[in-house]
Amino acid sequence: SKRPLASGSRSSLLLSKLLAWASKLLLDLQQGEEVTNRNAPMRAFEIRQIICDQGPAFVKVGQGVATRPDLLPPAYLEEMQKLLEQVSPFSSVEARASLEAELGRPLGDIFQDLAAFEEPVAAASIGQVYKATLKSSGMTVAVKIQRPGILSTVTLDLLTIRSVIEFFMGFPGGSDFALSCRQNAAALLAVLDASAARFMEELDFLQEAANGARFRTELDAVPSVRGIVKVPEVLLEYSSRHVLVQEWVEGVKLTDIQGDNSEEGGRMRQEVVTKLLNVYMVQFLETGFLHADPHPGNFMLMADGRLCILDYGMMTEISEDQRLGFLEYMSHLSAKQYDQTLKDLVKLGFVPSELEADPVKRAIVGPVIAETLEALYSQGGGMDKKVAALQEQDRSRMGELSESLEALQREYPIVLPPYFVLILRAFGTLEGLGLAQDQSFAVLDQCFPYIARRMLSDNNPRIQAALKNFVYGGDEKLNPRRVESLVKGFGSFTNSMDAGSAATSSGSSRAQLTTSSTTMQRKGLDAATKDILEVVFAAEGNYVQDLMVDEAVRAVDSLSRNAIVAVWQQLGAAAPLITLASLAPSPFPFAPPLVLIPGLNAIPVLSVLASLNTNSINLSEDDKENLAVLQSLAQLITGSIPQPTIGTATFQPTFNRTEAEEALQVAQTILPGAQRMATRFSELLFGRLSIRFQNDVQSLKDTFSS
């Protein structure tokens with residue numbers, strides 16, 4: 001360290017403040033629950049002041065905690081949430097001087113009214129924002145000015161945190177506690193280094209401008225979210241590393257919506273959280289460029305229904321291999337295939353490869369990870385419910401596993417890969433927003449619509465394998481319930497995102513936005529139906545199409561086999577009557593009995609063969625399983641279709657010209673794909689039936705030869 005005195009002094013001062021605060025809290029706890037609850041608002045205020053006094057790096061930590069209602073008591077949560085919007089501003093005199101120095105000319109040459117720089121409209125840990133008007137164009141802009149000396153302050157903050165971590169890395173002793181301290185500190189140091197690099201990048205406003213431009217370009221390239229997100233335009237001619245001038249965007253901040261307890265406010269929060277989660281899933285698993293600072297103050301809901309995302313200083317990148325690995329992992333979680341997640345965690349760097357490679361160690365760790373994931377993800381809720389589930393799981397664990405498991409944990413600790421820190425921060429914040437709206441919020445369930453869409457629409461071989469594993473569950477037979485969940489998830493994602501894009505394209509108001517999806521469904525096919533038809537009937541073909549054709553061939557083959565077996569058994573049962581009828585004299589003069597007439601004697605001959613070889617033509621176990629799957633699919637389909645009441649007002653089919661034109665367009669779109677599917681279906685079915693026929697003939701030959 002180049003600043004040992006400053007760092008040591010800062011660490012000592014912080015430690016003394018924390019110890020003084022902790023002593024007050026311990027005194028409250030000793031006096032009982034009533035005193036603790038009464039003093040909670042005061043203690044929460046004091047710890048927030050300590051955080052604010054320490055500087056930007058500590059405020060960032062506090063902001064992360066402020067989005068998690070499941071981690072803090074109400075009084076502490078209320079104080080921490082003030083860090084999202086109520087960071088103390090620095091002097092506007094300093095701000096104007098800094099701005100003028102960065103621009104290199106008087107402010108009056110650029111802005112219309114200098115009174116705009118008397119008070120900031122918002123203050124954050126790194127800088128503060130003013131609302132001004134450009135003299136040249138009359139455009140209203142947001143002017144973000146960096147806090148003076150922020151680089152030195154942040155460097156010292158990070159140095160202080162690092163010194164504490166390094167102390168625990170050298171924690172003496174050979175006890176389990178000492179070993180755990182050293183291991184966790186080493187892992188935390190890697191996390192700090194990764195986070196610190198991003199945090200330092202956040203101090204460069206030109207990098208933030210470049211991040212925003214890239215973010216906009218990459219999201220616009222994804223059709224499912226195109227037009228959903230607004231990224232403010234940056235005016236580079238007025239910007240520098242310490243000043244950012246961008247267009248002013250009007251909207252309602254999520255922090256303001258959170259304070260609205262009306263029914264409309266609740267509905268708006270739910271809609272915003274759903275869209276945000278979908279947009280973040282696209283960033284996380286598709287573009288690989290993630291906005292890593294998603295606290296509520298950085299989100300606005302615009303009048304046209306779009307989401308405006310602010311502050312692109314802290315971003316993180318996820319490689320393609322990591323994106324595919326997470327998608328495989330989440331598909332296994334959604335399918336409750338917890339036993340397959342160990343390999344996923346090894347690929348993603350959470351678990352050492354030695355654990356997965358050694359059969360003995362895998363036999364110990366695999367079930368534990370499966371049970372843990374089931375406890376965490378089988379139901380929604382916050383951290384308190386998850387901790388309770390884990391404690392119950394720990395109590396129920398077999399005693400003979402405990403010693404082996406603890407030994408493996410000491411040798412191979414599960415670590416948090418540095419690249420995952422900002423991902424975890426982003427989705428932890430989003431989960432907190434969801435829990436604030438609904439205490440049973442389950443982030444995995446909310447993420448599944450995107451996963452379903454991705455599995456059904458992406459032809460990457462690894463995603464194809466994930467899809468096949470999901471719908472077949474490791475067996476050869478389709479799982480109807482998972483097929484149903486896939487289709488519903490696909491539709492949920494499309495329709496939830498389509499409402500925003502429809503509003504954006506038409507410039508509708510907020511009220512119009514809320515009814516756009518319903519109106520669309522009333523007037524014709526909804527967006528999800530159109531979308532899935534395009535996937536299924538793609539002219540160039542795809543993996544989903546191939547799976548559907550294969551299943552259709554299997555279904556028709558089994559149904560036809562079932563019909564043939566029924567006829568064969570009926571022929572065998574009726575053989576005596578058919579034989580008697582064929583031997584009886586013909587009713588026509590000079591005509592021989594039917595059994596002697598070529599062609600007409602086929603039925604008597606087959607009936608005799610059937611009576612002697614009842615089991616030569618039968619249903620295989622594969623046929624029986626296929627028919628059971630078909631029955632389940634039929635029940636799902638018929639159960640999801642409302643039955644019309646004929647003769648009443650509820651059964652009033654209409655079909656106008658607009659709907660006819662829409663249906664024609666859809667038909668023209670899917671026709672090439674349908675023709676391709678029909679051709680492949682015919683080829684496969686003919687081949688399968690030919691093999692069946694050859695096997696049946698051979699079976700009869702074998703019967704007669706024996």
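The structure presented is a predicted model; accordingly, all values stated were derived computationally and were not measured.
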Check: Q207 side chain, G313 main-chain N or O, donor-acceptor pair, under 3.5 Å: no
Contacts of E102 meeting salt bridge (charged side-chain N to carboxylate O under 4.0 Å, His left out) (sequence neighbours excluded), chain-then-number -> none
Are side-chain heavy atoms of F289 and R214 found at a separation under 4.5 Å? yes
Is it the case that atom CZ in R38 sees more than 12 heavy atoms from other parts of the structure closer than 6.0 Å? yes
Nearest heavy-atom contact between L310 and G297 is CD1-O, 4.2 Å
CD of E317 to OG1 of T287, rounded to nearest 0.5 Å, is 9.5 Å
Note: P449 and Q446 closest approach over all heavy atoms is CD-O, 3.3 Å
Return yes if some donor-acceptor pair links the side-chain N/O of R323 with the main-chain N/O of I318 below 3.5 Å, else return no. yes
One pair to check against ring pair (Phe, Tyr, Trp, His ring centres under 6.0 Å): H242 and F205. What are the steps and the verdict? CA-CA 6 Å; H242 306 113; F205 287 174; 7.5 Å; no
Does F448 have its ring centroid less than 6.0 Å away from the ring centroid of F470? yes
We want to know whether D344 and Q340 form a side-chain donor-acceptor pair, criterion being a heavy-atom distance below 3.5 angstrom. no
Any donor-acceptor pair under 3.5 Å linking the side chain of S23 with the backbone of A20? yes
Find the distance between CD1 (I463) and CZ (R454) and round it off to the nearest 0.5 Å. 4.0 Å
Is any side-chain heavy atom of E208 less than 4.5 Å from a side-chain heavy atom of L206? no
Side chains of V279 and L276: does their closest heavy-atom pair fall under 4.5 Å? no
Between K24 and E46, does any NZ, NE, NH1 or NH2 come within less than 4.0 Å of an OD or OE carboxylate oxygen? yes
Salt bridge (charged side-chain N to carboxylate O under 4.0 Å, His left out) contacts in which one or both residues fall within residues 165-175, not counting sequence neighbours: R162-E166
Name all residues meeting the salt bridge (charged side-chain N to carboxylate O under 4.0 Å, His left out) criterion together with E94; count only those two or more places apart in sequence or in a different chain, and write none if there are none. none
By salt bridge (charged side-chain N to carboxylate O under 4.0 Å, His left out), which residues pair with E79, not counting sequence neighbours? R48, K82
Please walk me through it: do V143 and V129 pass side chain to side chain contact (heavy atoms under 4.5 Å, CB included)? CA-CA 5 Å; V143 182; V129 178; 6.0 Å; no
Validation row: S239, L244 side chains within 4.5 angstrom (heavy atoms): yes
D28: partners by salt bridge (charged side-chain N to carboxylate O under 4.0 Å, His left out), with sequence neighbours left out: R43
Show the numbers, then the answer: is there a side chain to side chain contact (heavy atoms under 4.5 Å, CB included) between M281 and F427? CA-CA 9 Å; M281 286 299 288; F427 280 88; 3.8 Å; yes
To the nearest 0.5 Å, how far apart are CG in N211 and CD in E201? 7.5 Å
Atom CD1 in I451, atom OH in Y329: separation rounded to 0.5 Å? 11.0 Å
Nearest heavy atoms of A123 and R147, plus distance in Å: CB-NH2, 4.5 Å
Side-chain heavy-atom pair M80, I47 within 4.5 angstrom cut-off: yes
Parallel under 30°, tilted from 30 to 60°, perpendicular over 60°: which one fits the rings of Y312 and F215? tilted
Do you know which two heavy atoms are closest between S92 and Q128, and how far apart they sit? OG-NE2, 4.5 Å
Is any side-chain heavy atom of T36 closer than 4.5 Å to a side-chain heavy atom of Q31? no
N460 vs E320, side chain to side chain contact (heavy atoms under 4.5 Å, CB included): CA-CA, chis, key distance, verdict: CA-CA 11 Å; N460 183 285; E320 183 181 13; 4.1 Å; yes
Judged by atom type as modelled, is there a donor-acceptor pair below 3.5 Å linking the side chain of S319 to the main-chain atoms of Q322? yes
Okay, side chain of H332, backbone of L342: is any donor-acceptor separation there less than 3.5 Å? no
Out of curiosity, Q146 CD to E202 CD, how far, rounded to the nearest 0.5 Å? 9.5 Å
Given the ring of F299, does K253 sit roughly above its face, with NZ or CZ under 6.0 Å from the centre of the six-membered ring and within 45° of the axis? no
Do any N or O atoms from the side chain of S331 and from the backbone of E328 form a donor-acceptor pair under 3.5 angstrom? yes
I'd like to check M315 versus D293 (side-chain heavy atoms, cut-off strictly below 4.5 Å). Are they in contact? no
On a heavy-atom basis, the closest approach of V234 and A209 is CG1-CB, 3.8 Å
Can Y450 and E286 be counted as having a side-chain donor-acceptor contact under 3.5 angstrom? yes
Counting C-beta onward and ignoring hydrogens, is there a side-chain heavy-atom pair between L307 and M300 closer than 4.5 Å? no
List the atom of R216, the atom of V231, and the distance in Å for their closest heavy-atom pair. NH2-O, 3.2 Å
For the NZ atom on K17, are there more than 12 heavy atoms of other groups (residues, nucleotides or ligands in this structure) within a distance under 6.0 Å? yes
Rounded to the nearest 0.5 Å, how far apart are CZ of F284 and CG of L430? 11.5 Å
Looking at residues at least two apart in the chain, or sitting in another chain, which of them share a ring pair (Phe, Tyr, Trp, His ring centres under 6.0 Å) with Y130? F117
